Amino acid sequence: MTLDKNFDPAAIEARWYAHWEQSGQFRPERSEAEPFTIVNPPPNVTGSLHIGHALDNTLQDIVIRHERLKGKDALWVVGMDHAGIATQMVVERQMNEQQQKRTDFTREEFVEKVWEWKEESGGTITGQLRRLGCSMDWSNERFTMDEGMNEAVLKVFVDLYNDGLIYRDKRLVNWDPALKTAISDLEVETVDTKGSFWHFKYPLADGVTLDDGRDYIEVATTRPETMLADMAVAVHPTDERYQSVIGKEILQPITGRRFKIVADEHADPELGSGAVKITPGHDFNDFEVGKRAGFAAGDMLNMLDGEANVCQTSDGLVPDEYIGLHRFKKDGIKGARELVVQQMKEQGFLIPHVSKNKDGEEVEHDAEPRTIATPFGDRGGVVIEPWLTDQWYVDAETLAQPAIEAVKSGAIEIVPKTWEKTYFNWMENIQPWCVSRQLWWGHRIPAWFGPKKDGNRLITDQNNLDGLEIFVAQTEEEAIDLARTYYGPDYSVLSTNDRDIEMPDGMVHVSMDTGSLRSVMIHRDQDVLDTWFSSALWPFGTLGWPEKTKDLERHYPNDLLISGFDILFFWDARMAMQGIKMMGEVPWKRLYLHGLVRAEDGSKMSKSKGNVVDPLGLIDEYGADALRFFMAAMESQGRDIKMDDKRVEGYRNFATKLWNASRFCEANGIGGSTTLAAPEASLPVNRWIISEVVETLASLDKALGDLRFDAAANTIYHFTWDRFCDWYLELIKPVLQGEDAAAADETRAVAGWVLDQIIVMLHPFMPFITEELWHSMAAETGGRNYDLIVAKWPEPKAAIDTDAKAEVDWLIRLISATRTAKVELNIAPGTKMAAHVRDGDSNLQERIARQGSALDRVGRLESFSFDPSPEGATAQIVIDGATYVLPLAGAIDIDAEKARLNKAMEASQKEAKSLSGRLSNPNFIEKAKPEAVEKARADLAEKEAEAERLKAALDRLG
RNA sequence: GGGCGUAUAGCUCAGUGGUAGAGCACUUCGUUGACAUCGAAGGGGUCGGGAGUUCAACUCUCUCUACGCCCACCA
């Protein structure tokens, strides 16, 4: 006996993983084989393995191991994401701990430090993926900022720019004042927060009054501080109350700015007073209203700096006391919001909100309490400020069209299908994608800015887009070439990475006259690209694109992408768009979306709630195989997974069960089968189990093909435990220990083969224990020629043996019924009994003869007689057409047996009655499918016969 | 305001147009050489409510209710 009594995962996991990886078996050389490809969602370089990764990667590993076992050239691409914002934050946080900050360093120095951090402490997750057993191709591990990906990113940017699909635009962006960068729509999380709704009087200028005589318009706002940059008041064009004042002017009380009342359908007559203040530079709706009212983006007033502190507007009308104030109260210091409200109130322009207190008295408040959908940055955690800047945008709408078509045509299959609608809905309403980020860590945008040429002169005012010429090229040299062409022979072109003005919207060149030689300086864009811009290229960038590599040719499109639905828009959709655009083909043929792993109580796991389950802890406690099996068994399509430690424990027990079954086999000279095909078998029990393998394999392949991980796991689980361990191993014990050497040899061969099939079929789910058993089970017979990870997936090519199945099925039912009867009659389970068979035909006699030893050893039925039943107390069992009468020795509770038989009889009668009722309905006979009628008739006959036999049995008891 | 999902045994979840299943939990019994991380037997559900289609509905359609998620500019 070489296997220990209990399976200890920790003792084997690290050993096998290292062996697989070192021997290069995660990507065996199979250049002739059909390729199969998955790319792993690149985890953040700052990340550590959380339970969601465990699910995501387990599913991928199951698929890739299955395909590898089927002989394919299975490639699982792996790598990490540079995670721009997250990584920069980590490094900055470390600097803060040492009383340093990013701006203490030059950009180059800082980026260098991030690289150092990445080399030293980044990527702990890759070690953790190994612990989970994931068989990725580490030999070609990638990084979204490695040389190849960098080239791919630059090329994509340049190509899209040249196609007009990337452009620079001045418009409102979601600005994160904590991180001081623009972010995309997807990175904004809208959260309902408690806020206030203030009502103000905006005085009409020039003595104008409303029809009702009032000399002001009432406006309401949740953001009073922005009134420092108000440029209009809008009313609905059909709003009768305001018809006479459209086009008239307002005199804003705090700034003294005069602006017009405009008609715009944005104003909702039902809401508040029906008039709304318009601040085009600080509100997305107002921006649109402002444009309709004729303001150019460059003329819209801006009153906030990058940290959301008040700055002077271009018209200089913001009072001095506001300059430098934060937008809101911060660190106990009054913000612009509070000061605006205070001043408006002091000057009598605040309309108080009146409500009744609990005593029914009217009370005045400054503002009406209100729930406000407030945008927060998903990383920085502060309120997003709509801010007017120049940024780079991807024309997502154009790119989305073929990506929509790909799903509609079936070129991409989304599994489960319910996600299609979400995908379409988002793609069809997609907005321009802001891809520039004001960070230091990331792919620097390959664009250089220089002054526009006006005739023979250069425009020196570079503070807006119109004065800038943009040169987009993959390299500085190419950019300079472009610039030379643009400026012509009169200028020499210099370039620089620096710039002399702070972000975000300063893009200033330096030009100089040096005597007779005129030179012009172009400088590179300071910004980097959104991390998701580079990860969108993952399916082809990792395969060598833009080089035309063999890998690219063989492995693009990928076969499958597995991802959580939470990154459907962030990543999957963008991969679809970029893949189709750059490669002309979809990135993957199937897209499988799984849900979230939730805490036991169903809540979302989060660090702040403290309910995060550490997958590594689970691996320590139960083993990686058990955790993986849990993930697979719980993964049903379209539903989240609730964490359940007891269930993980259950699959640990399953591993132990298989381990012990293997020990039994080992002790009986079973194991190390060398044949792929099922051995020849004559014994029904062996023919039966071979048939069971064939059926199990079919449903397992079906489930895996359909990406039904739960069904696949359950199939192999129940075959192993219920069929193989509980019945087959029990039924063969008498054969192995019997005198028929040929039968025992056959049984050892079959049992060894079946165990092999289990080990192979289970390997994608439980790679460690199966690899261990694969080798240890063959230790006695000379070992294996290859490791299980690259073994052959079963192809038994055996037919289903219906005779053997019927016989073993009968055997199992007879033994089970005997056990039940014993328990119900309070007979010790081990008691051996004799059976008298009524209505048994010759076929049954032969079965009983064949199965005599199993009936004796497993069923405790030591003898059978076909003589008339004995006198006295008996227990009676009806199986199929025969009744088995078991004489009971000693004092026996006749009433208990009567009750038992009665219960069984009633059950049969009830079913028979239901069936006959259905059959007596002419509509059923007429309209139901013939097979259904046929089956009902057969079932009825069987149930009636059974009921009769049970009645006869009852009658015999008197 | 749209869109989606889920409601089946005490718990967590599968499931099929023809009278419901698993794991855990629970009850009873069990030290016969694979396994107590186990074995045997068992209890437990009018499949969220209502209506419709059908010979037949847990399964299809509609509707209601509850919970969850995503998207959306209501100041």
Side-chain angles (χ1 to χ4, degrees), chain A residues 1 3 5-7 185 190 197 219-223 226 234 266-268 270-279 283-289 370 372-373 386 416 418-419 421-422 424-426 429 565-566 568-569 595-596 598 600 602-604 622 626 630 633-634 636 638-647 649-668 708 710-711 714 717-718 722 725-726 729-730 733 815-816 819-824 826 828-830 857 910-911 914-915 918 921-929 931-933 935-936 939:
Chain A
M1 183 79 63
L3 294 175
K5 189 172 174 188
N6 283 323
F7 169 53
D185 296 348
T190 307
F197 197 43
V219 295
T221 181
T222 56
R223 297 214 54 195
T226 62
H266 166 67
D268 180 356
E270 304 293 314
L271 193 66
S273 65
V276 57
K277 72 186 209 54
I278 300 297
T279 319
D283 182 280
F284 288 103
N285 288 313
D286 294 3
F287 181 78
E288 298 302 324
V289 176
R370 195 180 178 114
I372 301 168
T418 48
W419 283 104
K421 210 160 188 169
T422 306
F424 289 138
N425 187 49
W426 189 71
N429 295 294
F565 66 73
D566 53 328
L568 173 60
F569 305 146
L596 255 50
R598 296 179 168 277
E600 297 224 22
S603 63
K604 215 167 164 174
Y622 302 110
F630 167 79
M634 297 306 288
S636 65
R639 194 194 263 270
D640 287 344
I641 291 178
K642 273 187 198 137
M643 204 50 229
D644 182 356
D645 284 13
K646 293 293 285 183
R647 193 130 180 173
E649 183 183 334
Y651 293 124
R652 188 272 318 265
N653 295 351
F654 174 57
T656 305
K657 184 75 181 176
L658 174 66
W659 186 262
N660 280 305
S662 302
R663 289 177 64 224
F664 170 79
C665 290
E666 187 182 45
N668 284 279
R708 285 307 309 250
D710 56 342
N714 286 327
Y717 177 95
H718 285 113
D722 302 347
C725 291
D726 286 350
L729 291 185
E730 292 306 321
K733 280 177 183 174
I815 292 172
S816 297
R819 286 170 175 169
T820 305
K822 278 182 180 168
V823 170
E824 287 177 355
N826 245 327
R857 171 84 181 263
K910 193 181 159 203
E911 284 192 44
S914 159
L915 286 163
R918 196 189 305 167
N921 179 347
N923 283 326
F924 177 66
I925 307 291
E926 208 175 303
K927 296 182 181 170
K929 283 178 294 191
E931 310 92 84
V933 177
K935 184 171 185 308
D939 288 352

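Because the structure is predicted, anything quoted here is derived from the model rather than measured.
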Can you measure [X] atom [atom1] to [N] atom [atom2] for me and round it to whole angstrom units?
X: A:K822; N: B:A41; atom1: NZ; atom2: C1'; value: 12 Å
X: A:W659; N: B:A34; atom1: CH2; atom2: P; value: 17 Å
X: A:N668; N: B:A34; atom1: CG; atom2: P; value: 7 Å
X: A:L729; N: B:G39; atom1: CG; atom2: C1'; value: 13 Å
X: A:L568; N: B:G3; atom1: CG; atom2: C1'; value: 13 Å
X: A:K642; N: B:A7; atom1: NZ; atom2: P; value: 10 Å
X: A:E730; N: B:C38; atom1: CD; atom2: P; value: 15 Å
X: A:D566; N: B:C4; atom1: CG; atom2: C1'; value: 16 Å

Who passes side chain to side chain donor-acceptor pair (under 3.5 Å) against A:D185, sequence neighbours left out? A:N174

Under the rule for side chain to side chain donor-acceptor pair (under 3.5 Å), what residues qualify as partners of A:R598, not counting sequence neighbours? A:D640

What's the closest nucleotide to the A:K657 side chain, out of B:C38, B:A41, B:C13? B:C38

In terms of side-chain heavy atoms of A:N923, which of B:C55, B:A34, B:C13 is nearest? B:C55

Rounded to whole angstrom, note down the [atom1] distance from [N] over to [M].
N: B:U32; M: B:C38; atom1: P; answer: 15 Å
N: B:G45; M: B:C64; atom1: C1'; answer: 23 Å
N: B:G50; M: B:A57; atom1: P; answer: 14 Å
N: B:A7; M: B:C13; atom1: P; answer: 9 Å
N: B:G21; M: B:A9; atom1: C1'; answer: 10 Å

Go through the steps to decide whether A:M643 and A:F630 satisfy the test side-chain contact (heavy atoms from CB on, under 4.5 Å), and finish with yes or no. CA-CA 9 Å; A:M643 204 50 229; A:F630 167 79; 3.6 Å; yes

Tell me which one of A:D286, A:D283, A:T221, A:T226 satisfies side chain to side chain donor-acceptor pair (under 3.5 Å) with A:K277. A:T226

Which part of the nucleic acid, if any, lies within contact of [X], taking any heavy atom under 4.0 Å across all strands shown: a base, the sugar-phosphate backbone alone, or nothing?
X: A:R652; answer: base
X: A:C665; answer: nothing
X: A:N826; answer: nothing

Between the base of B:U6 and the side chain of A:R639, is there a donor-acceptor distance below 3.5 Å? no

Residue pair A:A267 / A:A234: nearest heavy atoms and the distance that separates them: CB-O, 3.7 Å

Answer yes or no on whether A:R918 is positioned over the face of A:F924, meaning its NZ or CZ is under 6.0 Å from the six-membered ring centre and within 45° of the axis. yes

Please report the interatomic distance [atom1]([X]) to [atom2]([Y]), rounded to the nearest 0.5 Å.
X: A:D726; Y: A:K657; atom1: CG; atom2: NZ; result: 5.5 Å
X: A:D645; Y: A:E600; atom1: CG; atom2: CD; result: 5.0 Å
X: A:M634; Y: A:K642; atom1: CE; atom2: NZ; result: 9.0 Å
X: A:H718; Y: A:F654; atom1: NE2; atom2: CZ; result: 9.0 Å
X: A:T656; Y: A:R663; atom1: OG1; atom2: CZ; result: 11.0 Å
X: A:T222; Y: A:I372; atom1: OG1; atom2: CD1; result: 4.5 Å

More 5' along RNA chain B: A:S662 or A:K421, using each one's nearest nucleotide? A:K421

Heavy-atom nearest nucleotide on RNA chain B for A:S636 versus A:N660: which residue maps closer to 5'? A:S636

Protein within reach of the bases, or only the backbone? For nucleotides 16-33 of chain B, mark each nucleotide 5' to 3' as B, S or -, using heavy atoms under 4.0 Å. --BB--SBSS--------

Can you list the stems that RNA chain B is part of, where a stem is at least 3 pairs in a row, each Watson-Crick or G-U, with both distances below 3.5 Å? B:1-7 with B:65-71, B:10-13 with B:21-24, B:26-30 with B:38-42, B:48-52 with B:60-64

Results of ring pair (Phe, Tyr, Trp, His ring centres under 6.0 Å) for A:F197 - residues two or more places apart only: A:H199

Sort me out a list of protein N/O and nucleotides 67-75 of chain B N/O pairs below 3.5 Å, or just none if empty.
residue: B:C73; atom: O2'; partner: A:N285; partner atom: ND2; Å: 2.7
residue: B:C73; atom: N1; partner: A:N285; partner atom: OD1; Å: 3.2
residue: B:C73; atom: O2; partner: A:N285; partner atom: OD1; Å: 2.8
residue: B:C74; atom: N3; partner: A:D268; partner atom: OD2; Å: 3.4
residue: B:A75; atom: OP2; partner: A:R370; partner atom: NH2; Å: 3.3
residue: B:A75; atom: O2'; partner: A:A220; partner atom: O; Å: 3.3
residue: B:A75; atom: N6; partner: A:D268; partner atom: O; Å: 2.9
residue: B:A75; atom: N6; partner: A:L271; partner atom: O; Å: 2.6
residue: B:A75; atom: N1; partner: A:D268; partner atom: N; Å: 3.1

